[in-house]
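Structure first, commentary second.
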Amino acid sequence: MKQRLRSAAAIAQPVIMLNARTRGTFLRSSVASRPLAVLALGCCLAQSGLGATGAEPAPPKAAAPEFSDLFEIFASAEYLRELDARPLPSRDEDPGLRADLAYGHGAGSWRFNADYHWTTEHQHFLERLQFGDELRPGTMLWVGRFQQPSSAWNDEHHRVQYLQTSISQPYIERWEEDEGILPQHITGVLLETRRSFGAGRGLELAAGAGAGPSIASGRLAPLEIIDDRGGAHRLAAAARITLRPDASGGRGASLLLGHDEIDIGDPAAVMALGAREADLDLLGAQITWHRRDWQLDAAGYRVAVYLHGLAGSRTERFSAGYLQLERALTPRVTAYGRAETSARTQESRYVGFLGDDEDWAYRRVLGGLRWDFASRQALSAEFARASLQAGIFAQFRLQWSAAFP
Amino acid sequence: MKTIALITAALGLIVHGAARSAGSDSVVLVVSAHSRVSTLSAIEVRELFLGMTVAPEGQVLHAVRNASDTRLSDIFLQNVVAMSANSYRRRVLGMALEQGRRPPPAEADERRLFQEVETDPNVVTYAWSSQIAGVRGLKAIRVLWRD
């Protein structure tokens, strides 16, 4: 156990040193010990096996090293057309080319994961950088930059267009650089574990903690591994607990939890929000269900944002959710529809500032078709009708997506 | 006469039995005859072919999909992973991205596949039981589907 803590702490050193290059709020006094405490907690939880009985010996790790390399390139090209005469400055999945380069390396129980994201809209950054150890089959401990497990959609689809049936993401799940209002990344420690029990049921836990985003340049700014300019990065923690009726199957129900302490360094944000700090708490639920040709994905979030740090403080609360239904019409063609809704987001200054008053759709319905062709390529078409502050707008999207090789 | 009738009836039964077994086959989980693994549960089989780590008694196993036969692939998708081909492809890719390692490969050349299984006690695949019957270097450890 001590050896495991020492080795885990050694791996975490580069991450903690990266944090030190920010304006250091995360590393002060009582907060300084949090990454190591979380790391220790992660090791304890993983070692305990999360429910393994005391009499059950821990299964040994791989006896001999085995090597596995993953290299994938994901690409997509999208065309967006506004169907109304009024121009809409929408940043929801801007059209253009996008690519993600994913590399993974495994040696025995050790893993390394890196994703680099690039678009023609001058967005390019290291999306994920993780070092991990499979402590026992089904239990991974990661250190690095990862996606928050409290996001139902992004945890399943990552940032890969080819992996999601629809072209667009739900508004509540948008990435930080796309005027997303929920934190999507943490740089720290992530524990993922799964267990089977009962009559073939499965229980999964993913819990992460570390440095979260700040608000800078008008948006949530997560810690960037390369060239971070996002200001102070404070504590973020997120978890997802999933129950599956058939272990490792696609169906399941999840409870989603998140807590982010967000530094507001942007002067425009300070003025707009009347605060220097925002503490965001998230409670959500997600269901995935499929039967024969049908699949249902639904999620709902309840968010509370406590804004403070200047004269006075206040708490804003809002909710958002979506339901997506898909049907395989043929083995290669899938039809889908999604309804998104929200409550009290129009009254929230936090949503108005980050989501952009003009751009935040408090309600949207869309439908589309996806055709999978060749080996790993797809063509999709989607029609959407969104309700924004300025009125109701309709959009049409066409997308090609692929995974290589 | 009686003897002839009895012999004819016996022959008839033998031919009938042979005809039944020739028409029916099953899909079995296959490992090397030298493998220490004697059986895997349905959950372990599914996890293995989704790219998750399965290590019975400390032996880390690797799955290789048998892509030599279209019907075999259909049976695998319906009965082992319970997904359509598209869903399986995307799910396996998503798991690979999460874990940072390659998804289970597929082998379309059955001879090469069986050679790989025979020589590596950690490899697991599936095949028609009739095709591995009599192959000394392989053993079936679970019936995945029966006609």
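So you know, we letter chains A, B, ... as the sequences are listed, proteins then strands, and number each from 1.
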Quiz item: Below 4.5 Å, heavy atoms only, C-beta onward: do A:Ser196 and B:Glu44 meet side chain to side chain?
Solution: no

Quiz prompt | Which atoms of A:Asp293 approach chain B - backbone, side chain, both or neither, heavy atom under 4.5 Å | solution = neither

Quiz prompt | Trace of the salt bridge (Lys or Arg N to Asp or Glu O under 4.0 Å) decision for A:Asp69 with B:Arg101 | solution = CA-CA 6 Å; A:Asp69 278 298; B:Arg101 59 181 184 184; over 6 Å; no

Quiz item: Can you name the residues of residues 80-93 of chain B that have some heavy atom under 4.5 Å away from a heavy atom in chain A?
Solution: B:Ala82, B:Asn86, B:Arg89, B:Arg90, B:Arg91, B:Leu93

Exercise. Give, as side chain, backbone, both or neither, the part of A:Gln130 having an atom under 4.5 angstrom from any heavy atom of chain B.
Key: neither

Practice problem: Using a cut-off of 6.0 Å, state whether more than 12 heavy atoms not belonging to A:Arg327 lie near its atom CZ. | Solution: yes

Quiz item: Are side-chain heavy atoms of A:Ser109 and B:Thr53 found at a separation under 4.5 Å?
Solution: no

Exercise. Pick one of side chain, backbone, both or neither for A:Arg370, based on which atoms fall under 4.5 Å of a heavy atom in chain B.
Key: side chain

Quiz item: Within a radius of less than 6.0 Å around CZ of B:Arg146, do more than 12 heavy atoms belonging to other residues, nucleotides or ligands occur?
Solution: no

Quiz item: Can you list the residues that meet the side-chain hydrogen bond (donor to acceptor under 3.5 Å, both in side chains) rule with A:Gln324, with sequence neighbours excluded?
Solution: A:Glu326, A:Arg338

Quiz item: Once you round to the nearest 0.5 Å, how far does CD1 of B:Ile43 lie from CZ of A:Arg201?
Solution: 10.5 Å

Quiz item: Is A:Ile287 atom CD1 crowded by more than 12 heavy atoms from other residues, nucleotides or ligands, each under 6.0 Å away?
Solution: no

Quiz item: Can you say whether A:Ala403 sits under 4.5 Å from chain B via the side chain, the backbone, both, or neither, judging by heavy atoms?
Solution: side chain

Quiz prompt | Options A:Arg194, A:His290, A:Gln295, ranked by heavy-atom pairs under 4.5 Å with chain B, top entry | solution = A:Arg194

Quiz prompt | Heavy-atom proximity to chain A below 4.5 Å, by part of B:Leu97 | solution = both

Quiz item: Who wins among B:Ala42, B:Ser41, B:Gly100 for the most heavy-atom pairs under 4.5 Å with chain A?
Solution: B:Gly100

Exercise. For each of A:Phe71, A:Phe112, A:Phe146, A:Tyr162, tally heavy-atom pairs with chain B at distances under 4.5 Å, and name the one with the top tally.
Key: A:Tyr162

Quiz prompt | Which atoms of B:Glu98 approach chain A - backbone, side chain, both or neither, heavy atom under 4.5 Å | solution = both

Quiz prompt | Shortest non-hydrogen contact between A:Leu163 and B:Gly94, atoms and distance | solution = CD1-CA, 4.0 Å

